[in-house]
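This report concerns only the one structure given below.
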Protein chains: 2
Amino acid sequence: MSAVICTVDVVLLTLLGEELAAVLLRREHEPFQGALAIPGGYVHPQDDLCAHDAAMRVIKNKTGIVAPYLEQLATFSGATRDPRGWSLSVAHYALVPYPLLAARKDAAVHVVPVSQLGTLPFDHRAMIDTALERLRNKSQYSSLPCFLAGDTFTLPQLQRLYELLLGETLNKVSFRRKMSEMDILDPVDGQFEAAGAHRPAQLYRLKAAVRKTLTVLERGL
Amino acid sequence: MSAVICTVDVVLLTLLGEELAAVLLRREHEPFQGALAIPGGYVHPQDDLCAHDAAMRVIKNKTGIVAPYLEQLATFSGATRDPRGWSLSVAHYALVPYPLLAARKDAAVHVVPVSQLGTLPFDHRAMIDTALERLRNKSQYSSLPCFLAGDTFTLPQLQRLYELLLGETLNKVSFRRKMSEMDILDPVDGQFEAAGAHRPAQLYRLKAAVRKTLTVLERGL
DNA sequence: TCAATAGTGTCTCTAAGACATTATGTT
DNA sequence: AACATAATGTCTTAGAGACACTATTGA
């Protein structure tokens, strides 16, 4: 019953261009001082009401943002994952639209495409892999990807986002049927252009009532 | 950064007759000495390789069995869940066929139908509720319920088990199509009777290759 | 007017469920 | 033989995907 090192870690994911990316920070302290790692820190029993609050605090302190979506992922523990001794980390994952991150981003914050992650300290790689698996799984039957989209977006953009996450192309008609079935989008008056010589797409935003909720489909996709 | 109380708890579920039941133990120590609670205990950094091992040890020590299915559920933490102070418990859930439990069961082990749970200490009720939700959810698209069935079982029995977990009746033809699709069952030579004046049902057992794995369906149910 | 993508109508095909029929045991 | 449930064949229906056609912009 000797002391256990209790920490939280956060896999902070965002959409960078056409790729999923994770937020990494350069570690200020040992172990692995100077290495890039995902945000994390000790649980502060005197400050944190629970591990979820600890994760929110870590995100806020290290990146300056309040993540629109934050969920517990899994707890990683063991004698060998941290050179300091037997440790336990409650891993979380958060989804953030990139503009939110860019607005607050200082030099210490690195946004690295998940396809280009180098070697990471601790079991951070396993945490990221688990987060990606969870995200991809939930993308099959929920509105989760919407938390990666910006404030407003078009249906073609949203479909490309789902396709990116699921790694397969989707049927346009079916995709729109499903979005309509979820009933989470409000059209925004005024159209969308930028894309050039073709019909502009309707802009949508998440309905206020579901801005903080996850909507789930009965039969997926 | 003061010390955090680190524990594991296990929601041990079994099928008691036609009902889901949880294993409760009478607590030997304070807090809540004498109350019925789910099995749990401190993480032992010197003995346990990780929290999963701690959960296996707790099950083994307190009930004498090795659970065929054990999975991490979620971590419950906070300042108020344990009167001793800020604590963190990695909750797991395990599925056990009742005969395995009955063979080892001593007087301290109580198997209580989930519909008849009284007030439980800590946040054990929330853990059980979370475990039930997870079990019901995974029953929609996986072979998870098979871990509650005995060594051998018939398809009508298995269907009744799925229906119990899902809380709805299932189409017999569809159910059998899905089981066949999962390709996890081996017929056992020799039939099944007991049920009386009608055609006996074929006995099945889980294929050896799948005895420790979870098989997942593409499109659920 | 052409090119390009958005948006929608409609047909096809697959899969789930309903129903019916056959199979096989006990009484 | 009667009955009860197992097991399976087959039809119906619902939903997903393919395809095509219309809409709307800039060049």
Side-chain angles (χ1 to χ4, degrees), chain A residues 18 139-143 146 149-150 152-205 215-221, chain B residues 18 139-143 145 149-150 152-205 215-221:
Chain A
E18 291 281 309
S139 296
Q140 291 173 347
Y141 60 86
S142 80
S143 61
C146 296
T152 62
F153 47 84
T154 68
L155 282 176
Q157 283 173 342
L158 188 61
Q159 181 171 350
R160 278 192 291 273
L161 174 52
Y162 269 87
E163 289 173 342
L164 174 73
L165 295 172
L166 296 173
E168 59 182 354
T169 61
L170 298 174
N171 181 283
K172 183 168 60 167
V173 178
S174 296
F175 179 76
R176 282 159 184 257
R177 269 196 293 246
K178 287 297 184 182
M179 290 302 129
S180 160
E181 184 185 319
M182 284 204 284
D183 191 31
I184 55 172
L185 300 180
D186 268 337
V188 182
D189 289 340
Q191 309 239 292
F192 181 74
E193 57 289 300
H198 58 273
R199 175 172 173 179
Q202 174 68 54
L203 270 180
Y204 293 88
R205 74 173 79 230
T215 303
V216 171
L217 283 165
E218 188 79 22
R219 263 181 316 277
L221 253 163
Chain B
E18 291 282 306
S139 296
Q140 291 174 347
Y141 60 87
S142 80
S143 61
T152 62
F153 47 85
T154 68
L155 281 177
Q157 283 173 344
L158 189 60
Q159 181 171 351
R160 279 192 291 274
L161 174 52
Y162 269 87
E163 289 173 342
L164 173 74
L165 295 172
L166 296 174
E168 61 182 354
T169 62
L170 297 175
N171 181 281
K172 183 167 59 166
V173 178
S174 295
F175 179 76
R176 283 159 184 258
R177 269 196 293 244
K178 287 297 183 182
M179 289 303 129
S180 161
E181 184 185 320
M182 282 204 283
D183 191 32
I184 54 172
L185 300 180
D186 269 336
V188 182
D189 290 340
Q191 308 241 291
F192 182 75
E193 56 289 302
H198 59 273
R199 173 172 175 180
Q202 174 67 55
L203 270 180
Y204 294 88
R205 76 174 76 228
T215 303
V216 171
L217 284 164
E218 188 79 22
R219 262 181 316 279
L221 247 163

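Since the model is a prediction, treat every value here as computed from it, not as a measurement. Chain A is the first sequence line, chain B the second, and so forth, proteins listed ahead of strands; every chain is numbered from 1.
Taking atom NZ of A:Lys178 as the reference point, atom C1' of D:dA16 lies 8 Å away to the nearest angstrom. Rounded to a whole Å, the CG atom of B:Leu155 is 9 Å from the P atom of D:dT8. When the P atom of D:dA6 is taken as reference, atom CG of B:Leu203 falls 12 Å away, rounded to whole Å. Computed from coordinates, the A:Leu217 CG to D:dA16 P distance equals 9 Å when rounded to whole Å. Remark: C1' of D:dA16 and CZ of A:Arg176 are 16 Å apart, rounded to the nearest angstrom. In this structure, the CD atom of A:Gln159 is 12 Å from the C1' atom of D:dG17, given to the nearest Å. Between B:Phe175 atom CZ and D:dA6 atom P there is a gap of 12 Å when expressed in whole angstrom units. Atom pair A:Arg199:CZ and D:dT25:P shows a separation of 8 Å (rounding to whole Å applied).
Taking the nucleotide of DNA chain C with the nearest heavy atom to each of B:Gly196 and B:Gly220, the more 5' of the two is matched to B:Gly220. Positionally, the nearest nucleotide of DNA chain D for B:Arg160 lies more toward the 5' end than for the other of B:Arg160 and A:Arg219.
Of the candidate nucleotides D:dA7, C:dG17, C:dG25, D:dA7 has the atom nearest to the side chain of B:Ala201. Nearest to the side chain of A:Ser174, among D:dA4, D:dG17, C:dG7, sits D:dG17.
A donor-acceptor contact shorter than 3.5 Å links the side chain of A:Glu163 to the backbone of A:Leu170. A donor-acceptor distance shorter than 3.5 angstrom exists from the side chain of B:Ser143 to the backbone of B:Thr215, with no hydrogens or angles considered. Checked by atom type and distance alone, the side chain of A:Gln202 pairs as donor or acceptor with a backbone atom of A:Val188 at under 3.5 Å.
Between A:Ser139 and A:Leu165 the shortest heavy-atom distance is OG-CD1, 3.5 Å.
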Got a list of protein N/O to nucleotides 18-21 of chain D N/O distances below 3.5 Å?
residue : atom : partner  : partner atom : Å
D:dA18  : OP2  : A:Asn171 : ND2          : 3.3
D:dA18  : N7   : A:Asn171 : ND2          : 3.1

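Residue-environment remark: CD (A:Glu168) exceeds the threshold of 12 foreign heavy atoms within 6.0 Å.
Side-chain contact between B:Lys178 and B:Tyr162: absent, with no pair of heavy atoms (C-beta onward) separated by less than 4.5 Å. Side-chain contact between A:Leu166 and A:Gln140 is present, with heavy atoms from C-beta onward closer than 4.5 Å.
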